[in-house]
Enquirer: 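One structure, pasted below without further comment.
Because the structure is a prediction, the values reported are computed rather than measured. Naming: A, B, ... by sequence-line order, numbering from 1 per chain.
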Protein chains: 2
Amino acid sequence: MVAEERNIAADVLKAMAHPIRLGVIEVLADGERTVTELYTELGCSQSMMSQQLKILCHQRLISIRKEGTQKYCGLCNRDFLKLFDCMHTHLRKFLHFKDQSACFCDD
Amino acid sequence: MVAEERNIAADVLKAMAHPIRLGVIEVLADGERTVTELYTELGCSQSMMSQQLKILCHQRLISIRKEGTQKYCGLCNRDFLKLFDCMHTHLRKFLHFKDQSACFCDD
DNA sequence: CTCGTGTATTATGATATTTTTATATTCAGC
DNA sequence: GCTGAATATAAAAATATCATAATACACGAG
């Protein structure tokens, strides 16, 4: 990966690196959802959700399709769902390390 | 994933979501490196690298081993290297979409 | 046309991240 | 004990992100 690609990749990752946005991706893995369904299910305000969806859309992580007065959101790239598996494993290890301070971080 | 896990996962992703930190992970995929080797290879200041390494270490993405006056960094979790494959594919698609504005984002 | 529902935008303050500069620490070799 | 190389920390300014509140827009039903 060259430097310029790393800049773009960092932006894509940054778009995922937020609890609500991760939640959106996770929920959409199960299939399309309305904006209202998303903010209801994830427990945030409508405004908040609208802004987060825009960020995800910008990085082409989700696509948005208009149908009448509503918008349906879906995943653009199911490939990234692998990340949740990695993350689950990592969280187990991470919490494990945290307990035992088995890592050479000084805190 | 429950809400609390998503908070932690977001922090881990945030730690990866930076050009230099992505670079570090990519370089370390090839094997251990000294701090000096890292900031030389990635073209940033020593201070910058030290701070970025701390962030990666905090999230247990890398481990740091002291040997004399130097420190050797290595990957904690090669599992996340999958991410680079996903990302490569995504960048191809992303740039493609960008050209054709084939996504329903309104900008 | 107007009303209600679904969604987007804007503004704002609080907080966090980024980057640089300067200084400190640590340790091996002499 | 000094010196120099490797690394860490602190402080500060610029910028970005987060979250909320208020308002605007779009559109179908009646």
Enquirer: Check residues 14-31 of chain B and write down every donor-acceptor pair under 3.5 Å in which the side-chain atom is one partner and the other belongs to a residue at least two apart or another chain.
Expert:
unit_1  : atom_1 : unit_2  : atom_2 : d
B/His18 : ND1    : B/Ile20 : N      : 3.1
B/Arg21 : NE     : B/Ala15 : O      : 2.6
B/Arg21 : NH1    : B/Gln52 : OE1    : 2.6
B/Arg21 : NH2    : B/Lys14 : O      : 3.0
B/Glu26 : OE1    : A/Arg6  : NH1    : 3.0
B/Glu26 : OE2    : A/Met1  : N      : 3.0
B/Asp30 : OD2    : B/Arg33 : NH2    : 2.8

Enquirer: Let me know the distance between NZ of A/Lys54 and P of D/dA19, rounded to the nearest Å.
Expert: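 Spelled out: NZ on A/Lys54 to P on D/dA19 is 17 Å.
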Enquirer: Rounded to whole angstrom units, what separation is found between the CE atom of B/Met49 and the P atom of D/dA5?
Expert: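 It is 20 Å, rounded to the nearest whole Å.
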Enquirer: If I take atom CD in residue A/Gln46 and atom C1' in nucleotide D/dA24, what distance separates them, rounded to the nearest angstrom?
Expert: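 After rounding, the gap between these two atoms is 11 Å.
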Enquirer: Within residues 27-42 of chain B, find the residues that approach DNA chain C with a heavy atom at under 4.0 Å, and present them sorted by residue number.
Expert: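 Per residue number, the list is empty: none.
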Enquirer: Would you please name every residue forming a side chain to side chain donor-acceptor pair (under 3.5 Å) with B/Ser47, sequence neighbours left out?
Expert: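 If we apply the side chain to side chain donor-acceptor pair (under 3.5 Å) test to B/Ser47, skipping adjacent residues, the hits are B/Gln51.
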Enquirer: Would you please name every residue forming a side chain to side chain donor-acceptor pair (under 3.5 Å) with B/Gln46, sequence neighbours left out?
Expert: none
Enquirer: Not counting sequence neighbours, which residues clear side-chain contact (heavy atoms from CB on, under 4.5 Å) with A/Thr69? List them please.
Expert: none
Enquirer: Tabulate atom names and distances for all N/O pairs under 3.5 angstrom spanning the protein and nucleotides 24-30 of chain C.
Expert:
unit_1 : atom_1 : unit_2  : atom_2 : d
C/dC27 : OP1    : B/Lys66 : NZ     : 3.0

Enquirer: Which whole-number value in Å describes the distance from B/Leu13 CG to D/dT17 C1'?
Expert: 16 Å
Enquirer: Quick check: does any side chain N or O of B/Arg78 sit under 3.5 Å from a backbone N or O of B/Cys76, one acting as donor and the other as acceptor?
Expert: no
Enquirer: Going by the rule side chain to side chain donor-acceptor pair (under 3.5 Å), which residues pair with B/Asp85 if we only count those two or more places apart in sequence or in a different chain?
Expert: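 Partners of B/Asp85 by the side chain to side chain donor-acceptor pair (under 3.5 Å) criterion come out as none, since no residue qualifies.
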Enquirer: What does the B/S/- profile of nucleotides 14-21 of chain C look like, 5' to 3', with a 4.0 Å heavy-atom cutoff to protein?
Expert: ----SBBB
Enquirer: Whether the side chain of B/Glu5 engages the backbone of B/Val2 through a donor-acceptor N/O pair (distance < 3.5 Å, no angle test) should be reported.
Expert: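 Indeed, once roles are kept as given, a pair shorter than 3.5 Å links the two residues.
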Enquirer: Between P on C/dT7 and CG on A/Leu53, what's the gap in Å once rounded to a whole number?
Expert: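 Distance, rounded to whole Å: 9 Å.
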Enquirer: Can you list the residues that meet the salt bridge (Lys or Arg N to Asp or Glu O under 4.0 Å) rule with B/Glu37, with sequence neighbours excluded?
Expert: none
Enquirer: Quick one: label A/Gln70 by what it contacts on the DNA or RNA (base, sugar-phosphate, nothing), any heavy atom closer than 4.0 Å.
Expert: sugar-phosphate
Enquirer: Checking B/Thr36 now: which residues fulfil side chain to side chain donor-acceptor pair (under 3.5 Å) with it, not counting sequence neighbours?
Expert: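 Side chain to side chain donor-acceptor pair (under 3.5 Å) check on B/Thr36 returns nothing, list empty.
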Enquirer: List the residues meeting ring pair (Phe, Tyr, Trp, His ring centres under 6.0 Å) with A/Phe80, not counting sequence neighbours, and say none if there are none.
Expert: B/His90
Enquirer: Going by the rule salt bridge (Lys or Arg N to Asp or Glu O under 4.0 Å), which residues pair with A/Glu67 if we only count those two or more places apart in sequence or in a different chain?
Expert: A/Arg65
